[in-house]
Structure formats: C-alpha cells, structure tokens
Amino acid sequence: MPVWQHILYSAEITAEHYGRTVSVGGWVQDIRNLGGISFVQLRDRDGVVQVTAVKKRNPELFAEINSLQRESVLLVRGTVKESKEARAGFEVLPEDVRVLSAAESPQPLGVVDKVGADLDTRLNNRFMDLRKADIRAVFRIRAAALQGVRDYLLSESFIEVSTPKIVAAGAEGGATLFPIKYFDKSAYLAQSPQLYKQNLMASGLDRVYEIAPAYRAEASDTVRHIAEFTSLDVELAFIESSEDVMAVAEGIVDSSLRHLLTAAKADLDLLGVDLSVPEPPYPRIRYDDAIDLLASDGMKIAHGDDLGTEGEKRLGDIVMEKHGALLYFITEFPTSLKRGTFYAKRYDEDPERTGYFDLDYKGQEIVSGGQREHRYDVLVEQMRENGLDLEAFDFYLKAFRYGMPPHGGFGFGIERYVQKILDLPNIRETVLYPRDRVRLVP
RNA sequence: GCCCCGGUAGUGUAGCGGCCUAUCAUCCGAGCCUGUCGAGCUCGGGACUCGGGUCCGAAUCCCGACCGGGGCGCCA
C-alpha cells in the first residue's frame, strides 16, 4: 500500500511542488476521456486540479479513472508536472487513486451541467448546490461582511451578547409570533431581542449588539422575506438623539463594505460584483421630504402614510439621481407609522413625529431604529395606547423604574444587506437553509 | 390575509384538443479519439404531479388536491 501523505489543497500547490509527489483530494467534477489520454477535473474547496491519466503508462489505472462517476470523492497521489496546456499551469500525473466515496447516478442536481436549475431544486439539494464556487462565494462574502461589522462594533466598545430566542411575549403584536410548547407552558420564538437589549441598557452593559436569528410568522411570500432571518441588533445608552444611533449604523455599514473590498475581493470578482463603497455621511432625508420627492416624481402618497414597496424603490432611484447615493437614511418618521412601535420616543415638541429612521440600500430598507422612550410614565402610556397587557411586560417595564438612561438602537437585516450588496434576485440565496412559509426542509 | 402564474425525462425546457410512439439541450450508458477545459463525433436510455370530469379522442379543456413561482400588504 502506498503511503498517503498530507493532502494538499489545489491552491497550495506551487512551482516548488513541480516534479514532486503530492496527494490531492476532492470531488470528480468532470472527466474528459480522449481515448489515449484522460483529464479528470478534481475540485476541492479552493479550485480545480487537473489529473491527467495516460492509457499507455498505466492501462488499469486509466480504466479505473474513466469508470468513475462524477462527484465521487477521490484521493489521488501523483507527480506534479508543469504544463502549458493545463489551466492551473500544472497537472498531476496519477500513480495511485483511492475512491473515498462513490457518487450515485442519476444525480439530483448537476454541479457543472450546462443547464440551469430552479432555486427550489437547488435548495432541496443545497449540499450539491454549494459545490458550485459562485454559490459558496456568497457565504464567504456574508461571513466577511459580518467580520467587518464586528470589527467596527468592537472598536466602538460594544460587547456581543446573546438573549433568549424562546420568549413569553413578543416585542410587537402577536400576529407574527411562532407559538411553541415550552414544557407545560406556551411560549414563542423571539421575533426580536428588542425587550432584552433595552433591558440591558439599565445594566451597565450599555453598548451591546447581538447577531442572532429572529423569527417572523408573516405570511409574506416575497423575494425579501423569510421566516427565520439573521438580525444584527444594536443598542446604546447615554445618547442625545437618534442621530447618535444613525452614526453607529453608518459606521457598521462603512466598516463592513470596506472590509469586503479586501477580504472578499476574489469572491466579489468571481461573482462579477463591482462593489461601490459610498463615503459617509450618508444622506439624511426626512420622511416628509421623501413624500415630497415622490410627489414631484408623480407618486402621490399622503403625509403620514407608508411609502410602500413601490415608493421605497422609487425613492431609491430618486436619491441615486439627486445625490448619487446607494445608501441613505429616511429620518423623522411620523408617529402615525410608529404607533405600534410602542417603545419609540416621540418628539416632546411635536408628539406627531419621532426620531425613528430607516437606512435604505438601493431602494430597500435594511435597518430600522431610533431613540427609545426611556421615561417610565410615557412608555406606559404608549403601551396602554397599544392595548398591551402591562402584566406580561413586567420584566421589561421594571427596568425603567430604577434608573434607565436615554438610549436607542436598531435592527439590521443581514440577509437583506447581503442580498443588496450582491444584487441577488432572492433573499433565499443568502441563507444556507432558508425557512419560509412553505420550506422547512432541509 | 389578498391577487396573479405555473407543474412535461435526474436537470432545464418545447408542445397547449387528433400531426405526440412528446421537442431540444443537459445528463446517463456504449463506442471512436493522446491535450481536453461549454471538448468533438456516432449510437442508445430516460418524462406528461395525482384524482375526478368533458369529449369519438386529453400533456393540451374543466373541477379538486398536492407542490412550486411571483406581486401586494406588512416588515429586517
């Protein structure tokens, strides 16, 4: 038996390996058998190594290689030979192969087939879908984007926390909560860490963030909704206004996008994405001005009404034209739109307005937040206005009675952010195993 | 919650009352080929979601079920 030395990744093989014996492992992506010579494209996490078998050198090995099923997992020991014809500049002349796992046929999804596959088919066979380099690239970019987010928050003295995902009450109305059984009690999956991160503002851990799943039982079947998404939640205390909160959101996005330019350059190139990183500060557009901008563009929306999906998209186009901005804040949302957000602070001088903002990226809301109401009496009043059962929120309210600093924060939809960075047609492309109204498997 | 649309080989599609023993590509199999990398060439294989109905005749029309796609509202 031959000695199988340390297995090299394709990207690790360099000119210094030429003439030497190495072991490579991976999936048989394709076999091009020309009769007397055969080329096996062996794919690993980094790329593809060409294994070139010559019939007259070793007929048995040649036959074995050509009988392999695509996508079988193979270990090859052989000599690295410099080659002008091979794409990588070298190829491996096999001396021995070992089939670690033979793939069956027919396969549920082609990895290098010259035909497309529906997203549904791809998601049903996600492990095979991910064998495509461009699909994996999305997830490396996602990871790098989160790295940039964490870099910034760490540098700004935020600490990462984890709060319960099994909760007794929701932050907002009950319609979007997933009920679950919790021993002998009924509970819900958390739709947001809102109540907990506010609770922490009274603790001394006064700058926190969490990157965790959030669950929404919304019957929304669109390319930008999923039932389980990753929410970046940030909360900070001792703020003066919502502007302090916006500055953090802006810092996060800027840090993240810049990090991508270096850390994810190869993957962005692979996807053909020419990432544009806008210079902060991002434009601040007051809600009322946004309504007027849309009106001047021929879209009539009453002051106090929601922009709607169409309005949001149109505003994205308008802001691009006027400011050349991909990212912009919509600020000072009217109380009429935030009434259900009982914890939103309303302006003392004008209770019909709040400091709440959205951060939109290419006509799509990715962040929403603002300054919270930290005064117990006012908060209770706003909760009553929403018909909430104060008893159920006892743990939350208590924190406001024994020293709660002014604070604010936001929720940031990671998947929507990645979707917009890469201009992906469907948010499901940004989740390994998405959960939506109908999908529970895999 | 509301509204539109679709389910044909493993994958992606054409066909939309008889011309269908169902098109094409991909894929799989057999063969030829010593420089392929969207390899090429020859031959072969493989499908109308299910259940009712209309009709002389249904992949095609109608109803239902199941599965899926998209939009709105709402939101991250």
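To find a chain, count down the sequence lines: A is the first, B the second, and so on, and within it residues start at 1.
Contact between the side-chain N/O atoms of A:Arg87 and the OP1/OP2 oxygens of B:G38 is found at a separation under 4.0 Å. Contact annotation: A:Asn426 does not reach the phosphate of B:G69 (side-chain N/O to OP1 or OP2, under 4.0 Å). Taking 4.0 angstrom as the limit, A:Thr309 places none of its side-chain polar atoms (N or O) nearer than this to OP1 or OP2 of B:C74.
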Each nucleotide N or O in nucleotides 27-31 of chain B that has a protein N or O under 3.5 Å away: list the pair and distance.
from  : atom 1 : to       : atom 2 : distance (Å)
B:C27 : OP1    : A:Arg70  : NH2    : 3.3
B:C27 : OP1    : A:Lys114 : NZ     : 3.3
B:G29 : OP1    : A:Gln69  : NE2    : 3.4

Any N/O pairs under 3.5 Å between the protein and nucleotides 12-14 of chain B? List them or say none.
from  : atom 1 : to       : atom 2 : distance (Å)
B:G12 : OP1    : A:Asp118 : N      : 3.0
B:G12 : OP1    : A:Thr121 : OG1    : 2.6
B:G12 : O4'    : A:Gly116 : O      : 3.1

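With no hydrogens or angles considered, a side-chain donor-acceptor pair links A:Arg372 and A:Tyr356 at under 3.5 Å. In summary, the side chains of A:Arg224 and A:Thr309 do present a donor paired with an acceptor at a separation below 3.5 Å, with no hydrogens or angles considered.
Between the CD1 atom of A:Ile31 and the P atom of B:G40 there is a distance of 16 Å, rounded to whole Å. Protein atom CD of A:Glu228 is 17 Å distant from nucleotide atom P of B:A76, rounded to whole Å. Here B:G68 presents its P atom at 8 Å from CG of A:Asp436, a figure rounded to the nearest Å.
In the interface, the side chain of A:Glu91 is paired with the base of B:G35 through a donor and an acceptor atom under 3.5 Å apart.
Salt-bridge annotation for A:Arg122 and A:Glu429: present, with a side-chain N of the basic residue lying under 4.0 Å from a carboxylate O of the acidic one. Look at A:Asp267 and A:Arg136 and you find no salt bridge, because none of the NZ, NE, NH1 or NH2 atoms lies under 4.0 Å from a carboxylate O. Using a cut-off of 4.0 Å between Lys/Arg side-chain N and Asp/Glu carboxylate O, A:Asp129 and A:Lys132 are scored as salt-bridged. With salt bridges taken as basic N to acidic carboxylate O contacts below 4.0 Å, one links A:Lys197 and A:Glu235. Remark: A:Asp317 does not engage A:Lys313 in a salt bridge, criterion side-chain N to carboxylate O under 4.0 Å.
Looking at heavy-atom distances under 4.0 Å, A:Ala214 makes no contact with the nucleic acid at all. Among the atoms of the strands shown, base atoms are found under 4.0 Å from some heavy atom of A:Leu34. Note on A:Gly35: a base of the nucleic acid sits closer than 4.0 angstrom, heavy atoms only. A:Lys55 comes within contact range of no nucleotide atom at all, as no heavy-atom separation falls under 4.0 Å.
Among the nucleotides B:G35, B:G68, B:C75, the one closest to the side chain of A:Val438 is B:G68.
The CZ atom of A:Phe410 sits 3.5 Å away from atom CD1 of A:Ile252, with the distance rounded to the nearest 0.5 Å.
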* To do: Carefully, step by step, assess A:Val441 and A:Asn124 under the rule side chain to side chain contact (heavy atoms under 4.5 Å, CB included).
  => CA-CA 7 Å; A:Val441 174; A:Asn124 282 337; over 6 Å; no
* Asked: Can you check salt bridge (charged side-chain N to carboxylate O under 4.0 Å, His left out) on A:Arg439 and A:Asp120, steps first, answer last?
  -> CA-CA 9 Å; A:Arg439 180 174 288 280; A:Asp120 189 54; 2.6 Å; yes
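Judged by centroid separation below 5.5 Å and plane tilt below 30°, A:Phe412 does not stack onto the base of B:A76.
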* Structure fact -> Intra- and inter-strand pairing of RNA chain B, written as dot-bracket with Watson-Crick and G-U pairs under 3.5 Å and | for the latter, reads (((((((..(((.....[.....)))((((((.......))))))...(((((..]....))))))))))))....
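Across every non-hydrogen atom of A:Glu12 and A:Ile7, the tightest pair is OE1-O, 4.3 Å.
For A:Ser242 (side chain) and A:Gly355 (main-chain N/O), a donor-acceptor pair under 3.5 Å exists by modelled atom type.
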